[in-house]
Amino acid sequence: MLNSVEDLEGIASSVHDDLGMAPVDAFAIAEYLGLRCLPWAKSYAEISGDVIRHPIPPKTRETRMHGLVAHEAAHALMRDEGMAWRCEPSARYLAGALMLPRARFERDMVRADYDLEALRELHPNASAEMIVVRMTQLSSATAWVWDNGKLARQYGVDEDDVGDLVDRVLTVEQPVREGELGAWPIFDRSWRRVIVVKKAA
Ligand SMILES: [Zn+2]
């Protein structure tokens, strides 16, 4: 990542200080930055000058749409700040920091005891994956994303094998909590995602 985490958190929190939104809306952030958002039929988003083109429901889930707009707004913010604005890891980090304000999210994470379902209710415009990524950035939690019974991505360094827990969630189709581990089904028609979170030890 070409920009420092502290710089990225700093510009995210100055946006939040000005906007003071709960829950965060990526379109309000874009508008605040003087960007114009226009829907298009493609499945990804793109920024050109001050215009963000983005997909819309039902083709794209609401949370993904917010995530894509926040990502492009993040590029614009870094550009305005004179930072390395094309850096993709920085844009991904800043999009998460914009959608999930650090102080508020840290407080919610502790109060909700790392419960993904509760955090999704508190932050309805953020995707489940964005929420767990933010958890692992702001605590020593680890998260695993399993799609259709296969590990797709891991965030954090824990070496637990959570495959059995994922199988149980796929069978009972309900969240399972076990000690410091929690696993949640995120199903969308035939697409069966399970997200496992291990709390900070
Ligand atoms: Zn990008």
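Counting starts at 1 for both ligands and their atoms, in listed order.
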Task: ring pair (Phe, Tyr, Trp, His ring centres under 6.0 Å) between His54 and Phe27, worked out - done: CA-CA 11 Å; His54 63 87; Phe27 291 87; 5.0 Å; yes
Task: Arg168 bridged to Glu178 by N-O distance under 4.0 Å - done: yes
Task: Arg192 with Glu173: basic N within carboxylate O range, under 4.0 Å - done: yes
- [ ] Work out which heavy atom in Ala183 is nearest to a heavy atom in Val194; give both atom names and the distance.
- [x] CB-CG1, 4.3 Å
Task: Lys198 bridged to Glu180 by N-O distance under 4.0 Å - done: yes
Task: Pair Arg134 + Glu9: basic N to acidic O under 4.0 Å - done: yes
- [ ] Could you pull out the N/O/S protein atoms under 2.8 Å of the Zn ion (ligand 1), ignoring any water?
- [x] His71 NE2, His75 NE2, Glu88 OE1, Glu88 OE2
